[in-house]
Student: 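This is the structure, below, for whatever I ask next.
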2 protein chains.
Amino acid sequence: MDKVEVFELIERMAALIRSEERKKCTELGLQPVHLQVLDYLSRCNRYSDTPAALTNYLGMTRGTVSQTLLLLVKKSFIKKTADASDRRMVHLSLLPEGNAILKKARTSELFIQAALIFKKHNLANHQDIFVKALTSLQKANQSHSFGLCKTCKYFTITADGFTCGLTKEPLSQSDSEKICQEHSIL
Amino acid sequence: MDKVEVFELIERMAALIRSEERKKCTELGLQPVHLQVLDYLSRCNRYSDTPAALTNYLGMTRGTVSQTLLLLVKKSFIKKTADASDRRMVHLSLLPEGNAILKKARTSELFIQAALIFKKHNLANHQDIFVKALTSLQKANQSHSFGLCKTCKYFTITADGFTCGLTKEPLSQSDSEKICQEHSIL
DNA sequence: AGATTGTGTTTCGAATCGATATTATTATGT
DNA sequence: ACATAATAATATCGATTCGAAACACAATCT
C-alpha cells in the first residue's frame with residue numbers, strides 16, 4: 001500500500017459525496033448551494049443564523065447570498081425575522097417545508113448504504129478518530145471555524161445552565177449543539 | 001459524547017472542504033465545477049477520460065459538461081484528443097496550465113494546516129480506517145463506482161504487467177492507479 | 001455631529017445549467 | 001447490404017445563478 005495522505009482520502013470522500021449531492025439536487029429541483037444553505041441553517045445557533053454569517057460560511061458575496069435567500073423564502077423553505085436589538089440584522093430559520101426537503105435530500109441511497117457498510121466494518125467503533133479528524137480540520141480553518149458551540153473555549157457551564165463567555169448570554173441545550181460563527185478552539 | 005454517525009462526521013468534513021474550495025475558486029476565477037473537472041481528469045485513466053464518463057461522475061447533463069469543457073479548452077487547461085478506433089469518442093487530458101492551477105488550488109492553507117495537525121494527532125497511523133471508509137462509500141455508490149483501477153475485480157496481474165479482465169487490454173502502472181468508470185468492487 | 005464600519009438589498013452583465021434538438025459514428029438486425 | 005437503433009458529442013435557447021458595484025440604513029466611534 002502506498003503512502004497516501006489521510007487528507008487526500010477525505011478529499012476523495014468529499015468528492016464522492018458532492019457528486020451524489022448534485023444528483024439529488026437536480027431530482028429535487030434545487031442547486032447544490034441551496035441544500036448547503038438549508039443544511040447550514042439546520043445546524044447554526046442564533047449567533048450565526050444571519051445572512052452575513054452564511055456569507056462567510058459559503059465564501060460567496062453578500063449580494064449573491066441575498067438573492068439565494070430570496071429564492072428560498074419565495075419557496076417557503078426559510079423565513080426571515082428582524083433582530084430585536086440590532087435592526088440591521090436578520091435572523092434566518094428553517095420552515096417545515098425546508099426541513100422536509102432537507103430530510104429528503106439526506107436520506108439518499110448512498111447515505112443509507114454507506115451507513116450499513118460502515119457498521120459492518122466496525123467503523124462506528126472508530127468514531128473518535130473521525131471526530132479528531134473533523135476537529136483538526138476545524139482547527140486548521142480558524143479564520144471562521146464555525147464549530148459546535150459546546151466545544152468552544154467560551155462555552156461555560158453555570159448553576160442554571162450554559163452561558164456564552166463572549167456575549168455573557170445564557171444558552172439553551174439546543175444552542176450549545178449548533179454551529180456558531182464565533183467558535184474558538186480551546 | 002453523543003452517538004454521532006461516522007457518516008455524519010464525514011459529511012461535515014466535506015462541507016468544510018467545500019466551503020474552503022469555494023473561496024479558493026473565486027480567488028482563481030473559476031467555478032467549483034471547473035476544479036472538480038480538473039481534479040477528476042488528474043485521476044482518471046483512459047477508460048474514463050471522456051466527456052460521457054465525466055457526465056456520469058458529476059451528475060450533470062451532457063450539454064452542460066460540453067460547455068464546461070469548451071471553456072476549459074479555451075483557457076488552455078485541458079485538451080481534447082480524438083479516439084483512434086472509435087471516432088465518436090474524445091479523450092480529455094490536462095495541459096500543464098491545468099495542472100498548475102489544480103496544484104495551486106490543492107495547496108490551500110486549510111489543507112496544509114490540517115495535514116500538520118493530523119500528523120500531530122497521529123492520525124496518519126490510522127490511515128487504514130480512512131481507506132476502509134472510502135471503499136465503503138465507493139461500494140455504496142455501486143451504480144457508478146469510479147474506483148481505483150487496481151482495486152477492481154477485473155484487474156489482473158500477468159507475466160508482463162497488468163491487464164484489464166473486461167477489455168483484455170494491457171494496463172500501465174499509471175493506469176492502474178487512476179479512476180476507472182467501469183470499476184467493480186470485489 | 002460627522003465619519004466609519006457593518007448590516008442587508010438592488011441592479012446589471014456575464015456565466016452556468018438543463019432541456020431539447022442535431023450531427024456524426026458505430027452497433028444491431030433482417 | 002441496407003435500414004434502424006444506439007451512442008458520443010455538440011449546439012441552441014431560456015431560466016437561473018453569481019459577482020461586482022452601488023445603494024440604503026443602523027450602530028459605533030471620535
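The model shown is predicted, which means the values in this text are computed figures rather than measured ones. Every chain is numbered from 1, with letters handed out A, B, ... down the list of sequences.
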Student: Below 3.5 Å, does any donor atom in the side chain of A/Q67 face an acceptor in the base of D/dG19, or the other way round?
Tutor: yes
Student: Quick check on side chain to side chain contact (heavy atoms under 4.5 Å, CB included): which of A/L102, A/L72, A/I101 does A/H34 satisfy it with?
Tutor: A/L72
Student: Give, ordered by number, those residues of residues 68-78 of chain A having at least one heavy-atom distance below 4.0 Å to an atom of DNA chain C; if nothing qualifies, reply none.
Tutor: none
Student: Quick one: does any side-chain atom of A/S48 pair with a main-chain N or O of A/C44 as donor and acceptor, under 3.5 Å?
Tutor: no
Student: Check each residue of residues 80-89 of chain B for a non-hydrogen atom within less than 4.0 Å of any atom in DNA chain D, then write out the ones that pass by number, or none.
Tutor: B/K80, B/R88, B/M89
Student: Under the rule for ring-ring contact (aromatic ring centres under 6.0 Å, His included), what residues qualify as partners of A/F130, not counting sequence neighbours?
Tutor: B/F130
Student: Would you mind telling me which residue lines up with the more 5' stretch of DNA chain C, A/Q31 or A/V90, judged by nearest nucleotide?
Tutor: A/V90
Student: Looking across every strand, which nucleic acid part, if any, lies under 4.0 Å from B/H91 by heavy atom: base, sugar-phosphate, or nothing?
Tutor: nothing
Student: In whole angstroms, how far is the P atom of D/dT17 from the CG atom of A/L58?
Tutor: 14 Å
Student: Counting C-beta onward and ignoring hydrogens, is there a side-chain heavy-atom pair between A/P51 and A/L92 closer than 4.5 Å?
Tutor: yes
Student: D/dG19 P sits how many Å from B/L30 CG, rounded?
Tutor: 12 Å
Student: Using a cut-off of less than 4.0 Å, is there contact between a side-chain N or O of B/H34 and OP1 or OP2 of C/dT16?
Tutor: yes
Student: Quick one: do A/R43 and A/D39 make a salt bridge, cutoff under 4.0 Å?
Tutor: yes
Student: I need the CG-C1' distance between A/L28 and C/dG18, as an integer number of Å.
Tutor: 16 Å
Student: Any donor-acceptor pair, under 3.5 Å, between the side chain of B/T64 and the base of C/dG18, if you only look at N and O atoms?
Tutor: yes
Student: Do B/L35 and B/V73 belong together in a cluster built from hydrophobic side chains that touch within less than 4.5 Å?
Tutor: yes
Student: Between B/G63 and A/M60, which has a closest nucleotide on DNA chain D that is more 5'?
Tutor: B/G63
Student: Are the charged groups of A/K132 and A/D128 less than 4.0 angstrom apart, N to O?
Tutor: no
Student: So does A/K120 have more than 12 non-hydrogen atoms from other groups sitting under 6.0 Å from NZ?
Tutor: no
Student: Can you tell me how far C1' of C/dT9 sits from CG of A/L54, to the nearest Å?
Tutor: 15 Å
Student: Please check: side-chain N/O of B/T68 versus main-chain N/O of B/T64, any donor-acceptor pairing under 3.5 Å?
Tutor: yes
Student: Scan B/V33 against the nucleic acid and name what it touches under 4.0 Å (heavy atoms): base, sugar-phosphate only, or nothing.
Tutor: sugar-phosphate
